[in-house]
Structures are given as C-alpha cells and as structure tokens.
Amino acid sequence: MAGESSSFHLLEERIQRFIWSEGWEELRDAQEQAIPLILKGDCDVIISAATAAGKTEAAFLPALTHLLAAGGEGLIVYISPLKALINDQFGRLDRLCEQLEVPVWPWHGDVSASTKTRFLAKRHGVLLITPESLEALLCNRGSSVAAIFKHVTFFVVDELHAFIGSERGKQLQSLMHRIERALNRQVPRVGLSATLGDMKLAGGFLRPGGEPAQVNSESAGSELKVLVKGYEEPLVVQGEKDGNEEDDEPVTPGQIAADLFKVLRGSNNLVFPNSRRQVERYTHLLNKMCEQRKVPNEFWPHHGSLSKEIRTETEAALKQKELPATAICTNTLELGIDIGAVKSVGQIGPPPSVASLRQRLGRSGRRKGEPAILRGYSVEDALGPNANLREKLRLDTLQMAAMISLLVEKWFEPPRVQGLHLSTLVQQLLSSIAQTGGASAGQLYALLCGPGTPFTGLTKQEFIELLRHLGQKELVVQDSSGVLLHGRVGEKFVNHYSFYAAFASEEEFRVVAGGRTLGTLPVDQVLLPGQRILFAGKTWRVDEVDEQQKTIYVTRAKGGVPPAFSGGTGRTHTKVRQRMRDLLDASTELAFLDETAKKLVAEGRDAYVRLNLTTEFAIDQGRELILLTWLGDSANEAIACLLIRRGFVATASGPGVEVVKGDRSTENILDALEDAAVDDTPPLDILLADVKNLAREKWDWSLPEGLLRKAYASLYLDLDEGLAWVREATAARRD
DNA sequence: GACCTGCTGCGGGATG
C-alpha cells in the first residue's frame with residue numbers, strides 16, 4: 001500500500017496504523033480520491049460509489065485527520081436517515097476513534113438522555129444524529145446552538161439520495177443552513193450515496209447554489225446476471241366457483257414461491273414483492289413449503305408494519321453465517337443497514353423506479369469475482385374477452401423489461417430536486433421562532449428565503465401572504481414591536497414532540513357510500529367529482545370530496561368495468577415509458593426473458609400493431625378515451641389538468657391520460673386538446689382552479705391556496721413536457 | 001394496486 005497509494009500518507013499516523021492493523025490491503029478508489037479533497041476542510045464534496053465501497057471511511061479517514069491536525073477539539077456532525085444506520089456506524093467508528101481518543105456520540109430517539117447530556121458538556125468528537133433530533137436541538141436549545149456547534153468542521157450526510165425530493169430533505173438543508181447562520185460561517189458538507197443519477201443536481205441539493213467537488217467511483221463493472229420469468233394468471237370463469245375459498249386465490253404466487261424455494265434455498269437473498277401484503281403472502285407460502293418438506297425455515301419477512309423485534313430477527317438471520325437466510329421485504333432493506341452481502345435479488349413485478357432497482361441490486365455480487373444476480377418475476381392476467389388496454393399491451397412485463405434494459409445501460413432517474421416543499425418552510429419558520437425566541441418578518445425572510453437559502457425564489461410578497469395566512473390559522477402572532485411569535489395553535493404544535501419530523505404520518509380519507517364506510521384510502525391521487533375509483537373490488541363514482549371531514553362520498557358506477565389503467569407504483573419517468581414504447585415497436589429479442597415472458601412481450605407487440613399504436617394516440621374505449629402519450633406521470637398529470645380546466649373529467653393513468661367521454665365525442669376531446677395547444681400557457685391559479693385535494697405534505701393545510709398550488713405543481717406537474725406533447729400530437733392530427 | 005423514515009422534557013419513584 002505504501003508504495004502505490006499517495007493518499008494513504010496524507011492520513012494521520014494513528015489512522016495509518018489502524019488501517020495496517022485491520023489488514024486492509026489497499027485504499028478503495030473512492031477513498032483515494034476523496035482523501036485529498038476532504039483533508040483540506042475548505043470545500044463541499046459529494047461521493048458517489050457503490051454500496052460497500054468504503055464511502056463512510058472515505059469521508060471519515062480524512063475528516064478525522066483534519067480534526068486531529070487542528071488539535072482534536074473539533075466536531076464532525078454525521079446525519080443519517082435511519083436510527084439503525086447510526087447504530088451500525090457507531091460500531092464501526094468507535095473502534096477507530098477509541099485509538100484516536102476522539103469520542104463518538106450517537107444521538108437519536110432511543111439514545112439515553114445521559115449520553116446526550118455528556119455530549120452537551122464536551123461538544124467535540126463525532127456526533128451521529130438524525131434530522132429530527134437535530135431539529136429538536138435547534139428548537140429547544142436555541143440560545144446554545146452557536147456554542148454547541150462552535151467547533152464543527154464537517155457535516156457528513158449519509159444516503160444523500162434518500163433525502164432528495166422529500167420534505168425531510170428540505171428540512172435537512174434548512175437545518176445545516178440555520179447552524180451555519182448561527183455560527184456566521186460556512187461548514188464544509190460531505191454527501192455520500194450509491195445512487196445519484198445526476199451529480200450536478202445532487203450537488204445543488206447538498207448546498208443550494210453550490211457546486212461541490214465530485215468523487216465518482218464507478219464500481220469495477222461487476223458482472224450482472226438477469227433472468228425474468230413470465231407467469232400467466234388464468235381467468236376466473238364466473239359460475240365455476242364451488243364455494244371453496246381456495247379457488248378464489250390466484251395461482252401464480254404459489255408457482256413463483258415454488259421457484260423461489262427451489263433456487264434460493266442454501267444461500268442468502270433478498271426478495272422484493274413491492275407491498276407489505278405481498279411480503280406476508282410470499283413469506284407464508286415459503287414457510288409452509290419448508291414445513292411440508294420438513295426442512296429448517298430459511299425465509300423471513302421484513303417491512304415497516306412489523307414490530308422492531310421481528311425485523312431485528314430477520315436482520316440477524318441474514319447477518320449470521322451458519323445458516324442460509326432469505327428476506328422477503330419492502331424497501332426497508334434498500335438502504336445501507338448492515339445485513340452482509342447477498343447472492344441474488346428477487347423482484348416480483350416491476351420495481352418502483354430504475355434507481356430503486358439499482359439500489360436493491362447493490363446488495364448482491366459485492367465480493368470480488370461474484371456476479372450480481374437479478375431474478376425478475378412478471379405476472380399478467382390471461383387475456384379474456386374483456387381484457388383492457390393495459391392487459392393487452394402486457395404493460396407490467398414491458399415495464400420490467402424497459403427498466404432492466406435501462407439499468408444495464410447504467411441509466412437511472414435523476415434526483416427530483418425541483419420540489420419547493422413549502423410545507424417544510426412553515427415548520428422551519430415555527431422552529432426558527434422557537435430557536436430565537438421571536439424574529440421579525442424581514443429577519444425570517446432573509447434567513448430562509450434569501451439568496452443561497454433552502455427556500456430561495458419565494459418573493460417577499462408571497463412571504464407576507466404566507467405570514468398573514470399563518471396568522472389567521474393562529475400559528476403565529478405579531479407583537480406590538482413587529483416581532484413574530486408562536487400563536488395559540490402554533491405553540492401547541494411546537495411543544496409536542498411530533499413537531500420535529502417534517503413528514504406526516506399516514507393520513508387517509510374515509511370512503512363512504514350511502515352512509516356506509518367502505519374503508520380508507522391514502523391521499524395520493526388527485527380526486528374530483530366525476531372520477532371513478534376502484535375500491536374493495538368494485539368501481540365507484542366520486543360524488544363529493546370533503547377535505548375538512550377527510551371523506552370521499554361515492555356511489556356505484558354503472559357497468560362495473562374497472563378503469564383501463566389503475567395507476568402504478570412510484571412515479572414513472574418519461575424515459576422508462578419511452579423505452580416501453582420502443583420495446584413494443586421493435587422486434588428485437590430480449591435475451592434475459594424466459595419463454596413465457598417472451599410470449600407475453602410478443603402478445604404486447606401484436607396488440608400494439610393491431611391497434612395501430614405506431615400512428616394512433618387516441619384510443620376509444622367506449623366510456624373513456626385514452627390518450628397514449630408514453631410520457632412520465634408528471635407530464636400526463638399536466639395534460640389531465642389542461643383537460644379538466646376545459647370541463648372534462650380526466651386522469652393521468654399509466655402511460656397515458658384517461659378522459660371520460662360523457663355526452664361528448666372523441667372529436668370534442670381532440671378539439672379541446674388543439675385549443676390547449678394554441679392557447680397561452682395557463683397560470684396555475686387557473687389550471688388548478690377545479691382540482692381538489694392538492695395537500696400532500698405535513699403543513700400543506702396551512703398554506704394559502706396560491707402557494708399550495710405552486711408547491712403541488714413543483715413536485716407533481718411537468719407542464720412544459722405535457723404541453724410539448726399536446727402541440728406535437730395535435731399538429732400531427734392537422735396534417 | 002405501492003413503500004419508507006422520526007420524536008423532548010419533565011416529574012415521580014426506585015436504587016446505590
């Protein structure tokens with residue numbers, strides 16, 4: 001190592017000795033690159049490297065060297081999205097830091113108050129903390145913030161991609177910013193991630209307006225093996241049931257479980273079936289198979305609704321080396337908690353995104369010379385006389401194939417940094433008032449919305465409008481000298497511990513039909529009267545949405561035909577949809593598909609040709625017209641809004657937009673599209689005037705309508721892309 | 001027909 005590594009010699013002597021004693025043969029590429037950059041302690045750095053490529057060491061070896069060179073009284077603040085990750089990192093760092101005589105302080109909700117008190121007395125070393133705990137520190141110890149963080153030398157943000165695009169990410173930006181403002185100096189920020197689609201965008205997230213130094217360590221091109229198996233769920237013929245409940249169960253999960261049992265036993269693996277319900281179903285099937293064959297169980301469940309004990313048990317089964325273990329899990333096992341390497345990753349149904357698939361696959365093939373193995377399972381319904389467009393085109397299988405082909409090309413979705421997250425601005429305003437004991441509107445605007453701040457771009461006029469609105473809601477009040485304080489309601493929120501999280505716990509609408517509650521529905525879809533929803537196995541028409549009572553009133557829709565597209569998982573990017581269309585349009589063989597999956601793709605291609613989809617984009621389905629755009633969800637939703645504004649009932653749905661025809665013809669709808677194409681781009685207040693239920697984030701309920709529309713559009717609508725499609729599509733029609 | 005994350009201060013009582 002001494003001869004080849006230049007960075008090794010830059011490290012503090014005791015750190016060098018630690019590396020020798022660990023028996024590391026060489027520094028990893030990311031570490032070699034990052035050490036000289038971080039060592040200087042004067043710039044932001046973003047490190048993108050594969051899982052287990054030693055990213056945390058790449059940050060900490062030089063950061064600790066820098067800290068020791070400055071006399072050892074400095075503080076490194078490491079911020080993690082998970083408590084479990086803090087516990088893991090504490091174990092890894094504490095051994096090294098003990099030899100350096102640098103204290104390591106874990107700080108999250110499960111950490112004892114005595115540890116926290118001891119840190120507050122010492123204030124140096126390495127602090128491992130969550131955004132929520134940091135928020136609590138700023139809120140409750142506002143007057144000491146400058147003293148507590150006086151000697152901070154670095155912010156290290158782990159799993160950066162897990163923060164981008166969410167309220168929590170905006171909160172993190174704001175917390176680091178507020179500490180810097182309290183100190184009146186910049187603190188170098190180091191961001192770590194395995195999955196950043198666009199380093200420039202991620203850099204702008206790490207520091208608004210910033211351009212950090214980049215360390216991009218491509219994984220040494222470890223080989224990827226992929227096999228996708230197709231399955232066809234037979235049609236249930238009406239009248240054939242004999243009352244035996246077993247007959248109602250789909251048959252493909254049993255077939256898939258049998259395959260998993262056969263190929264996964266004897267090794268460690270992860271299987272992602274995309275929902276908690278499916279996790280339960282597959283774990284149950286696999287446990288039964290182990291039992292029937294009188295072999296020890298090797299299959300363990302892991303998802304967010306399971307108790308901590310059960311989750312820990314599954315993690316322990318994966319970690320121990322004596323017996324093989326496979327976890328059936330949701331994305332709880334996507335982030336970097338320590339479960340060791342796995343042989344293969346199973347994916348049942350299309351993954352939520354290419355980035356997520358890549359993150360999942362990062363758990364496999366981590367040892368030198370071993371390939372990463374992906375086993376995909378794709379299920380389609382057998383085609384009957386009533387098959388809808390989605391089924392005919394075999395869209396799930398196409399999406400799986402498109403995502404894998406993009407993964408192989410090393411493409412994945414860029415981080416979604418465009419969201420304004422004004423919900424979090426409300427939280428940060430209330431928290432800043434707690435921190436300072438009160439502040440003027442001008443001070444708060446400069447702190448949170450000025451140049452280089454997390455909420456830059458909000459005009460002073462909009463800010464005043466927001467403050468007025470918060471005043472009406474009694475979240476803030478202004479005293480006679482103009483200082484803003486907590487209002488009666490604001491006080492209540494801030495003084496409860498639930499205030500520290502920037503994200504809301506799941507909120508659901510009740511679905512009511514004729515005075516009877518059918519159940520609850522999570523609020524993640526635009527709803528307006530006239531829309532049809534699928535719920536409890538039946539189709540309904542939405543009559544009224546009561547946002548105060550959080551209730552959706554529905555009546556049975558005639559016919560009972562389920563919607564042609566029923567929305568997918570996650571938000572699908574335009575690039576994925578275009579790849580799906582390219583695959584339908586081509587005849588190339590996809591080598592990673594088995595015979596059944598190939599047959600399914602061939603059927604999709606046949607339907608694509610038969611329906612003339614090479615040239616036609618408007619597909620008449622009788623009750624609805626489907627506009628097949630092959631765009632991402634944000635563009636489709638923008639197109640739906642353009643039509644809603646012109647009096648239609650339209651919904652973004654899968655690769656297109658579904659428009660209810662009612663008493664209007666296909667020509668009427670296409671005429672409206674043409675009008676939208678030639679008109680000026682409508683302002684949001686007009687575009688979203690009739691759309692209800694825009695509130696998505698924790699504090700959205702407290703925003704004035706105009707800002708709520710702006711916040712919603714920033715995250716969910718791509719009007720430019722939608723309009724570009726409308727113009728192109730209607731131009732083709734005129735020709 | 002998705003999924004995930006997080007949480008303080010204080011008072012009362014027991015124990016060393």
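Residue numbers begin at 1 in each chain, while the letters A, B, ... track the order of the sequences. Only this structure's heavy atoms are used, side chains among them; waters, hydrogens and symmetry mates stay out.
Using a 4.0 Å heavy-atom distance criterion, A:Ser133 is classed as a sugar-phosphate-only contact. Note on A:His108: only backbone sugar-phosphate atoms sit closer than 4.0 angstrom, heavy atoms only; bases stay farther off. Contacts of A:Asn331 with the nucleic acid, taken as non-hydrogen atoms under 4.0 Å apart, include base atoms.
Proximity note for A:Ser275 (side chain, C-beta onward) versus B:dC7, B:dG6, B:dA2: the nearest is B:dA2.
Regarding A:Ile164, its CD1 atom lies at a distance of 16 Å from the C1' atom of B:dC4, rounded to whole Å. When the C1' atom of B:dA2 is taken as reference, atom CD of A:Gln399 falls 12 Å away, rounded to whole Å. Rounding to whole angstrom units, CG of residue A:Leu120 and P of B:dT8 are separated by 12 Å. B:dA2 atom P lies 20 Å from atom CG of A:Leu357, rounded to whole Å. Atom-to-atom, CZ of A:Arg416 to C1' of B:dC3 comes out at 14 Å; the value is rounded to the nearest Å. Look at CD on A:Glu135: it is 12 Å from P on B:dC7, rounded to the nearest Å. One interatomic measurement links the two molecules: NE2 of A:His161 to P of B:dC4, which rounds to 15 Å at whole-angstrom precision. Rounded to a whole Å, the CD atom of A:Glu159 is 16 Å from the C1' atom of B:dG6.
Considering only side-chain N and O atoms, A:Arg168 lies nowhere under 4.0 angstrom from the phosphate OP1 or OP2 of B:dC4. The side chain of A:Thr130 contributes no N or O atom lying less than 4.0 Å from OP1 or OP2 of B:dG6. Side-chain N/O atoms of A:Lys83 include one lying less than 4.0 angstrom from OP1 or OP2 on B:dC7. In this model, the phosphate group of B:dT5 is approached by a side-chain N or O of A:Arg311 to a distance below 4.0 Å at OP1 or OP2. Side-chain N/O atoms of A:Thr330 include one lying less than 4.0 angstrom from OP1 or OP2 on B:dC4.
Of the residues listed (A:His573, A:Arg416, A:Arg571), the one engaging A:Ser634 in a side-chain hydrogen bond (donor to acceptor under 3.5 Å, both in side chains) is A:Arg571, and it is the only one.
A:Arg168 has a carboxylate O that lies under 4.0 Å from a charged side-chain N of A:Glu132, or vice versa, which qualifies the two as a salt bridge. Of the charged side-chain nitrogens involved, at least one lies within less than 4.0 Å of a carboxylate oxygen, so that A:Arg394 and A:Glu232 count as a salt-bridged pair. Under a 4.0 Å N-O distance rule, the pair A:Asp158/A:Lys55 does not qualify as a salt bridge.
Comparing A:Tyr500 and A:His303 against DNA chain B, the residue whose closest nucleotide sits nearer the 5' end is A:His303. The residue among A:Asn495 and A:Thr332 whose nearest nucleotide of DNA chain B is located toward the 5' end is A:Thr332.
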Q.
Checking A:Ser112 against A:Thr115 for the side chain to side chain donor-acceptor pair (under 3.5 Å) test, could you report, in this order, the C-alpha distance in whole Å, the side-chain angles of both residues, the deciding distance, and whether it holds?
A. CA-CA 6 Å; A:Ser112 71; A:Thr115 303; 3.0 Å; yes

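By the criterion of a centre-to-centre distance under 5.5 Å and near-parallel planes under 30°, the ring of A:Phe499 forms no stack with the base of B:dC7.
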